[in-house]
Asks: 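For reference, the structure I am asking about is given below.
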Number of protein chains: 2
Amino acid sequence: MRSDLVAAVRRFNRTVTQRVGALDDEYMASGRPLAQARLLWEIGPDGAEVAALRARLGLDSGYLSRLLRTLEGDGLVTVGPAERTGGDARVRVAALTAAGRAEWAELDGRSDEFAWSILAPLTGQRREQLVTAMAEVERLLVASMVVVRPCPPSDPRARACLRAYARDIGRRFDDGFDPALSKPVHDEELVPPAGVFLLATLNSEPVGCGAVKLHPDAPAEIKRVWVADTVRGLGIGRRILGDLERYAATRGWTTVRLDTNRSLTEAIAMYHSAGYREIEPYNSEHFAHHWFEKQLPPAPG
Amino acid sequence: MRSDLVAAVRRFNRTVTQRVGALDDEYMASGRPLAQARLLWEIGPDGAEVAALRARLGLDSGYLSRLLRTLEGDGLVTVGPAERTGGDARVRVAALTAAGRAEWAELDGRSDEFAWSILAPLTGQRREQLVTAMAEVERLLVASMVVVRPCPPSDPRARACLRAYARDIGRRFDDGFDPALSKPVHDEELVPPAGVFLLATLNSEPVGCGAVKLHPDAPAEIKRVWVADTVRGLGIGRRILGDLERYAATRGWTTVRLDTNRSLTEAIAMYHSAGYREIEPYNSEHFAHHWFEKQLPPAPG
DNA sequence: TCATTTAACTGACTTTAGTCAGGTATCCAG
DNA sequence: CTGGATACCTGACTAAAGTCAGTTAAATGA
């Protein structure tokens, strides 16, 4: 069973990523070394901060500097201080010159050409099928590339998630969301051993979160489960929830609880299907309409 | 329309081939340079001829030799004369030593591990969806990687196709197929300007063929359209047929004909859907039950 | 304000990948 | 049985890719 699935993925990796990937590189490198072409491509018509390029391409800082000097020497790129006023004066921004934009457009055209060379031999119907299947693979691979990790709630990415969470529910609750009326959650409550905050990231960008408070002598309480709408419907919420439950279970808690608002219908559906059952209110949270509870299976090991 | 499709393929290329492909390489290279690891992998537990490795990996002959010497030096590989008696004494075969097999198994394990790392974060249902979509992408990409090219009918790959064609129809015709009873087709008839033989290849392996005879003062005649069963159902036959028609049309023929056997039901369906209509017998081919004709649109240009 | 960290950079270096021009033994067609 | 092709090999080389230690200037935190 598992081995069948693994074999299928390996076949795919072999034929698709190796072969198509190699061809893609070949198209990309037009007389210019691949690393330079890729860098030029990543800078793009809008420019990019050097640090962002380093992260996206996964390059050594020194190596990247040298590549930038080469492209500058060829008159394709200028590297200057960031323009945003009040920014960090150490940060530098790479931007394309007119010649650089021309070469970028050339790469863009080649990339189009390569994509079309894949579609061209197929009949119209098969083209549609291929594109549909590609979109499906991509969607599910994105789901599998999301990483869920504990993270201090004070981390800027955690903060961004919590802000997005508040904005989202404010938009969805019938009567809006006013943090002043809700029971506050303090950072210390979401730091071990009092609890934990989990951050979900996609290519190190925050795309979701969730937290659990381990109340002494009371059921653990799940809070702040949120998933960015760009990655909704991929099972990320369920993964976060499961990880939070496991966290509580391995520390000896046997019950978790949570409250939620009636507007959050998918969340409610998820809680039901994850084995939660509705209970009487266990708190007086202003924005809660439903309260749920789940018995945790004892932690293995 | 076209640009939507192209954009979708490009998105796929970016996320899938770049990201998954890069990770795959990383898993593959375990302390050893990627080229060596790939070569070791390709040799495999059963060994492989040096020429086959060169073709599969697309390496320079000298470079491959050097890589083999390195692996030999590390005690992972032995390169010796081919064992098949009566073979070409120049041909050499690379085989893994015990240590080589151990390292191969290590790579195999890593490859499994990587494949599983993609599937593991998904729920069972999404795993199935991903594997299904991957298989679909792979299938259609194979279709798009098939190349149809003119080829002399004396080429060994053309010969292999014609043998496979005879074997196939021998198996399918109710009363078998005896070439002696069929009208022979001579090589000269399938070489320009008398006609053409098209070979379909996938990674340079022959997977299909077709030919057209340009009879002076008579309709062109299509012969020997065959597709390997490994790539059937992907529209290869239709592509070959279309290319043959275009070949005849650009040389001034306005009509093509062909005959076929009643057992070849998919072929008959293809001819119908490609615009052929059934006509009275125009020859006395022993194995023919149906005769078809198509008016060719004038060649553009 | 002063030690520490950080972003970007420079210089010196190694490894990997790949190319190209021969060379040797074998095969094959005429 | 000879001349040319072929399979694999060696030597000499280059370019690309990447690593690492250390520098500078700005930011940060106590």
Side-chain angles (χ1 to χ4, degrees), chain A residues 18 21-22 25-26 28-43 47-74 77-95 154 156, chain B residues 22 25-26 28-43 47-74 77-95 152 154-156:
Chain A
Q18 301 237 10
D25 285 352
E26 213 170 285
M28 190 54 116
S30 52
R32 192 169 287 288
L34 189 56
Q36 284 178 34
R38 272 211 265 259
L39 175 55
L40 186 73
W41 175 255
E42 282 298 333
I43 294 171
E49 295 188 356
V50 173
L53 295 169
R54 198 167 47 235
R56 265 186 271 163
L57 293 163
L59 297 176
D60 173 82
S61 158
Y63 184 31
L64 175 58
S65 256
R66 206 176 314 284
L67 287 172
L68 284 170
R69 291 301 84 71
T70 308
L71 292 177
E72 260 186 333
D74 290 0
V77 164
T78 54
V79 181
E83 294 189 358
R84 293 172 312 155
T85 53
D88 187 330
R90 292 168 305 177
V91 171
R92 308 230 292 156
V93 166
S154 55
Chain B
D25 284 352
E26 211 172 285
M28 189 55 116
S30 51
R32 192 170 287 287
L34 188 56
Q36 282 178 35
R38 272 213 264 259
L39 175 55
L40 186 74
W41 174 255
E42 282 297 332
I43 294 171
E49 295 188 356
V50 172
L53 294 170
R54 198 166 49 234
R56 265 187 271 164
L57 294 163
L59 297 176
D60 173 83
S61 158
Y63 183 32
L64 174 58
S65 257
R66 208 176 314 285
L67 286 173
L68 284 170
R69 291 302 85 70
T70 309
L71 292 178
E72 260 185 334
D74 290 359
V77 164
T78 54
V79 180
E83 293 191 357
R84 293 173 312 155
T85 52
D88 188 330
R90 291 168 306 179
V91 171
R92 307 231 293 157
V93 167
S154 55
D155 186 288

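Proteins come first, then strands; the chains are lettered A, B, ... in the order of their sequence lines, and each starts at number 1. Worth knowing before you read on, the calculation uses all heavy atoms, side chains too, and leaves out hydrogens, waters and symmetry mates.
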Asks: What residues from residues 57-64 of chain B pass a heavy-atom cutoff of under 4.0 Å to DNA chain D?
Replies: Ser61(B), Gly62(B)

Asks: Got a sec, which residues hit side-chain hydrogen bond (donor to acceptor under 3.5 Å, both in side chains) with Glu42(B), two or more places apart in sequence or on another chain?
Replies: Arg14(A), Arg56(B)

Asks: Quick one: bend of the helix from dT1(C)-dA30(D) to dG30(C)-dC1(D) from 5 pairs per end, to 10°?
Replies: 30°

Asks: Does the dG18(D) base have a donor-acceptor partner in the side chain of Arg66(A) within less than 3.5 Å?
Replies: no

Asks: The criterion is side-chain hydrogen bond (donor to acceptor under 3.5 Å, both in side chains); which residues satisfy it with Asp60(B), sequence neighbours excluded?
Replies: none

Asks: Could you identify which residues of residues 33-42 of chain A place a heavy atom less than 4.0 Å from some atom of DNA chain C, listed by residue number, or say none?
Replies: none

Asks: Is there any side chain to side chain donor-acceptor pair (under 3.5 Å) pair reaching into residues 63-74 of chain B, and which pairs are they, with sequence neighbours excluded?
Replies: Arg32(B)-Asp74(B), Arg69(B)-Glu72(B)

Asks: Give, for atom OG1 of Thr78(B) and atom CG of Leu68(B), the distance between the pair rounded to the nearest 0.5 Å.
Replies: 10.5 Å

Asks: Sequence neighbours excluded, which residues qualify as side-chain contact (heavy atoms from CB on, under 4.5 Å) partners of Val93(A)?
Replies: Glu49(A), Ala82(A)

Asks: Return the set of residues passing side-chain contact (heavy atoms from CB on, under 4.5 Å) with Ser61(B) (not counting sequence neighbours), or none when no residue passes.
Replies: Arg54(B)

Asks: How would nucleotides 24-30 of chain D be written as a contact map, 5' to 3', with B for base contact, S for sugar-phosphate-only contact and - for no contact, using protein heavy atoms under 4.0 Å?
Replies: --BS---

Asks: What is the separation between atom CG on Leu71(B) and atom P on dC9(D), rounded to the nearest whole Å?
Replies: 12 Å

Asks: Hey, where on DNA chain C does chain A first and last touch, going 5' to 3'? Cut-off is any atom under 4.0 Å from a heavy atom.
Replies: dT6(C) to dA12(C)

